[in-house]
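Note on naming: letters A, B, ... go to the chains in the order of the sequence lines (proteins, then strands), and numbering restarts at 1 for each one.
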2 protein chains.
Amino acid sequence: MAVTMRDVAILARVSPKTVSNVVNDHPNVHPDTRARVQQAIAELGYRPNHSARGLRSGRTGVIGLAVPELRQAYFAELADAVIAAAAKRGLSVIVGQLGGDREHEIELLTHGLPQTDGLLFSPERLGTEDRDLLAYVDFPLVMLGEWIFGGPTDHVTMHNVSAARAAVEHLISLGRRRIAVIGAHPDDETRVMGPSNLRIQGYREALAAAGIEHDPRLERVVAPWHPEDGADAARQLIESGLEFDAIFTLTDALGLGALRALGEAGRVVPDDVAVIGFDNITISHLTMPSLSSIDPGRTEIAETAVGMLVERIEWGAGSSRPARLHKAAFDVIVRESSGGMASATPKTSSRQPAPQTLNG
Amino acid sequence: MAVTMRDVAILARVSPKTVSNVVNDHPNVHPDTRARVQQAIAELGYRPNHSARGLRSGRTGVIGLAVPELRQAYFAELADAVIAAAAKRGLSVIVGQLGGDREHEIELLTHGLPQTDGLLFSPERLGTEDRDLLAYVDFPLVMLGEWIFGGPTDHVTMHNVSAARAAVEHLISLGRRRIAVIGAHPDDETRVMGPSNLRIQGYREALAAAGIEHDPRLERVVAPWHPEDGADAARQLIESGLEFDAIFTLTDALGLGALRALGEAGRVVPDDVAVIGFDNITISHLTMPSLSSIDPGRTEIAETAVGMLVERIEWGAGSSRPARLHKAAFDVIVRESSGGMASATPKTSSRQPAPQTLNG
DNA sequence: CAGCGGATTTACCACGTGGTAATCAGCGCA
DNA sequence: TGCGCTGATTACCACGTGGTAAATCCGCTG
């Protein structure tokens with residue numbers, strides 16, 4: 001069996017409680033005693049038992065992160081940032097994959113992840129129809145993204161509307177007027193506030209502000225948002241015979257597929273068609289051509305979300321504080337696909353914090 | 001506070017122990033009693049406390065997975081597969097990122113990850129010099145990859161030598177003779193058995209078997225293995241003026257960079273230069289052109305590793321069973337970068353299990 | 001109807017930790 | 001020398017669960 005406080009206590013000739021006090025940096029411990037105990041701890045290689053500690057304190061020191069699939073670069077990079085942010089605070093992260101399964105997501109929201117003190121949840125299939133579920137959540141929860149926007153939980157998300165608008169404004173600044181968008185979702189009452197609709201809204205706002213006529217045929221509906229889907233959508237767009245000189249893909253994954261489809265069809269990027277994505281996943285600066293994108297402020301999202309979750313955990317289960325919303329600042333990253341420099345190293349630009357009151 | 005067995009017991013008018021027996025599917029429980037207890041459990045929404053269970057049983061139901069960075073596609077996809085394999089067995093996974101930090105890796109190996117029953121560890125900085133560390137490991141451990149190959153621990157890895165050889169043989173079958181390789185590591189005694197050296201060995205074997213003269217200048221040393229490094233190496237190769245008609249990159253990440261550098265330099269892939277990578281990360285079939293690769297059998301690796309770890313956990317800490325080694329079967333995936341069809345959907349080929357006795 | 005044996009159920013306790021409150025040591029001062 | 005006070009240490013116990021062994025129940029035999 002492992003070394004316990006009892007063993008340390010015997011060796012240091014003190015009580016187990018004193019060992020506990022030393023381990024937890026309790027103030028009133030005599031320096032000599034402290035030294036003797038630490039010596040014993042080192043000698044025996046004592047390590048606190050987290051299960052016992054968890055049982056006693058009700059805390060496990062572990063938080064959960066639930067995403068659809070780590071395989072998708074966006075979620076992998078999100079997880080990377082979350083794990084790093086949690087590590088800074090001495091927390092471990094259990095990563096759960098829900099695979100875009102609605103049942104799993106509902107189950108998770110009702111019970112939480114076992115073994116954890118709280119949950120960061122980036123759902124994919126839940127909609128406003130599930131908002132009621134949040135009323136029964138009895139564990140610390142912070143939502144990533146805004147599927148159930150407006151529910152009584154903390155949210156950390158991005159400026160979907162204004163960032164999308166900035167992306168399209170960038171395309172317009174290049175002189176493009178026939179700007180297609182890939183990734184719209186079918187009109188779905190339950191996801192009105194989902195990222196797809198918000199980004200589409202930003203797209204339309206940018207067009208309207210520039211006095212460009214809105215052609216609904218250039219809004220291409222695609223779900224899900226995997227690269228293959230982006231390629232398919234771009235092919236259909238090309239085959240449709242519609243004229244277009246730019247594409248805004250609602251994610252980089254879609255953008256990668258679109259770049260590929262354009263290449264296959266012999267359309268030169270950015271000369272014939274400028275492309276910009278959204279998410280700024282790592283691979284985007286290495287494609288051929290490199291993909292312009294919106295950097296959603298992943299680090300800020302992760303650190304804020306972990307911070308909020310820690311606060312909720314510390315407040316305790318009973319407290320019903322008001323839900324908070326944080327939107328991370330974004331950047332427009334101009335690369336080759338929209339006329340940026342031909343370097344493999346990305347050039348960043350135009351940091352736009354945008355006010356928190358904006359609904360996007 | 002949360003609902004406990006005691007609460008359930010009171011409602012069902014039985015002892016807490018009987019509740020425990022019901023929860024754990026103990027054989028000798030009267031059907032009526034079982035039903036009554038289950039009814040009470042449902043009514044109160046009882047959920048077992050994992051900390052208490054962990055304290056009593058010494059198991060947490062959580063395993064650790066330690067990788068350098070989730071941001072790297074290879075590790076993200078590995079984590080994806082491991083989490084899925086663990087979920088099948090009812091285990092959760094805590095993911096730790098060591099960031100390629102040697103100190104962290106040593107620390108991890110001496111203490112394990114808190115809160116877990118065992119560890120899957122994919123080290124980056126440890127070498128044979130650290131083999132001694134393994135002697136003191138007192139928790140269930142399965143290594144992914146072979147940095148400390150030959151140490152007294154279970155390993156799950158891939159057929160580095162024969163898979164690399166198959167990749168190069170594929171290039172040779174296309175008629176290529178001047179085949180460069182990107183990703184060699186500087187001669188380092190401590191990493192003789194690392195993937196870099198093993199894959200280079202496969203490369204040399206393929207050349208030798210085909211009677212192609214080995215030109216050391218075509219072996220490009222690169223570390224680390226990020227896409228940027230692959231691009232740099234390819235640029236240097238081009239600038240060197242050396243003649244070459246194919247490149248084998250030791251990872252897909254390097255390959256992505258190489259594709260980019262070749263494109264910038266106006267070399268047409270695969271007409272001027274055929275390229276094949278290693279790892280078969282998801283993005284590879286979507287680049288322009290799509291990247292041929294070696295599929296290392298990620299699912300098999302993950303399931304085997306989790307299975308081995310579970311066995312070690314069940315055997316208990318004291319048991320000193322002999323170390324095991326498993327090498328997953330691999331596939332050569334031919335895509336556009338080495339003359340495959342111009343489809344975005346990958347075409348697989350040539351499954352080569354290769355005997356377990358092979359040292360690669 | 002006592003006695004028996006297997007099926008059920010229960011009492012009791014320990015797992016390792018840390019909160020609470022009681023105890024104890026040492027010092028200054030009357 | 002005795003008292004009070006503060007700092008240091010300790011005894012005791014509960015957190016929720018599940019192993020062990022003892023207790024209880026029930027149907028059936030002699």
Side-chain angles (χ1 to χ4, degrees), chain A residues 1-38 40-41 44-62 90 111-112 114-117 139 314 316-317, chain B residues 1-38 40-41 44-62 90 111-112 114-117 139 314 316-317:
Chain A
M1 220 36 215
V3 179
T4 75
M5 281 191 169
R6 179 179 211 80
D7 303 320
V8 176
I10 292 170
L11 179 58
R13 279 165 297 128
V14 294
S15 75
K17 177 61 191 174
T18 298
V19 177
S20 170
N21 289 338
V22 170
V23 169
N24 296 314
D25 275 329
H26 208 79
N28 290 338
V29 176
H30 193 91
D32 293 353
T33 310
R34 180 181 302 275
R36 212 165 66 244
V37 169
Q38 278 166 341
I41 286 176
L44 297 174
Y46 165 76
R47 313 220 83 208
N49 177 315
H50 285 251
S51 287
R53 202 172 253 190
L55 175 60
R56 190 66 184 78
S57 68
R59 300 273 173 79
T60 64
V62 182
H111 295 311
Q115 291 279 42
T116 59
D117 294 335
F139 53 89
E314 284 171 356
Chain B
M1 222 35 217
V3 179
T4 76
M5 281 191 169
R6 180 180 211 77
D7 303 320
V8 175
I10 292 171
L11 179 59
R13 278 164 299 126
V14 294
S15 75
K17 177 62 195 177
T18 298
V19 177
S20 169
N21 289 338
V22 170
V23 169
N24 296 314
D25 275 329
H26 211 77
N28 288 337
V29 176
H30 193 91
D32 294 352
T33 311
R34 181 181 301 276
R36 211 166 66 244
V37 170
Q38 279 167 339
I41 286 177
L44 297 175
Y46 165 76
R47 313 220 83 207
N49 177 316
H50 280 77
S51 287
R53 200 173 255 188
L55 175 59
R56 190 66 185 79
S57 68
R59 301 273 174 79
T60 64
V62 182
H111 295 310
Q115 291 277 42
T116 59
D117 295 335
F139 53 88
E314 284 171 356

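With sequence neighbours excluded, the residues forming a side-chain contact (heavy atoms from CB on, under 4.5 Å) with A/R13 are A/R36, listed by chain and number. Legend: residues meeting side chain to side chain donor-acceptor pair (under 3.5 Å) with B/T18, ordered by chain and number and at least two apart, are B/S15. Evaluation of the side-chain contact (heavy atoms from CB on, under 4.5 Å) rule for A/I41 yields A/V8, A/V23, A/V37, A/Y46 as partners, not counting sequence neighbours. By the side chain to side chain donor-acceptor pair (under 3.5 Å) test, B/D117 is found to be paired with B/T60, residues two or more places apart in sequence or in another chain being considered. Residues that satisfy the side chain to side chain donor-acceptor pair (under 3.5 Å) test with A/T116, not counting sequence neighbours, are absent from this structure. Residues passing the side chain to side chain donor-acceptor pair (under 3.5 Å) test with A/S20, sequence neighbours excluded: A/N24. Residues meeting the salt bridge (Lys or Arg N to Asp or Glu O under 4.0 Å) test with B/R34, sequence neighbours left out: B/D25.
Counting non-hydrogen atoms under 4.0 angstrom, A/T4 reaches the backbone sugars and phosphates but no base. Residue contacts for B/N28: at a heavy-atom cut-off of 4.0 Å it reaches a base atom on one of the strands shown.
Side-chain nitrogen and oxygen atoms of B/T18 include none within less than 4.0 Å of the OP1 or OP2 phosphate oxygen of C/dT9.
The distance from atom CG of B/D7 to atom P of D/dG16 is 8 Å, rounded to the nearest whole Å. Put simply, CZ on A/R13 is 13 Å from P on D/dT9, counting in whole angstrom units. One can place CG of A/N49 at 16 Å from P of D/dT17, the figure rounded to the nearest angstrom. Atom C1' of nucleotide D/dC15 and atom CG of A/L55 are separated by 4 Å, given to the nearest angstrom. Whole-Å rounding puts the B/R6 CZ to C/dC13 P distance at 15 Å.
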Pairs: protein N or O with nucleotides 18-24 of chain D N or O, under 3.5 Å:
residue	atom	partner	partner atom	Å
D/dG18	OP1	B/R53	NE	2.7
D/dG18	OP2	B/S20	OG	3.2
D/dG18	OP2	B/N24	ND2	3.2
D/dG18	N2	B/R56	NH2	3.4
D/dG18	N3	B/R56	NE	3.3
D/dG19	O4'	B/R56	NH2	3.3
D/dG19	N7	B/K17	NZ	2.8

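Rounded to 10 degrees, the angle between the two end axes of the helix from C/dC1-D/dG30 to C/dA30-D/dT1 is 70°, with five pairs used at each end.
Positionally, the nearest nucleotide of DNA chain C for B/P27 lies more toward the 5' end than for the other of A/A52 and B/P27.
Rounding to the nearest 0.5 Å gives a distance of 9.5 Å between CG of B/L44 and CD1 of B/I10. Remark: A/T4 OG1 to A/D7 CG distance equals 4.0 Å, nearest 0.5 Å. The line from NE2 of A/H30 to CG of A/N21 is 14.5 Å long, rounded to the nearest 0.5 Å.
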Which donor-acceptor pairs under 3.5 Å do the side chains of residues 47-54 of chain B make with protein atoms, sequence neighbours left out?
residue	atom	partner	partner atom	Å
B/N49	OD1	B/S51	N	2.7
B/N49	OD1	B/A52	N	2.9

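DNA chain C lies under 4.0 Å from no heavy atom of any residue of residues 30-38 of chain A.
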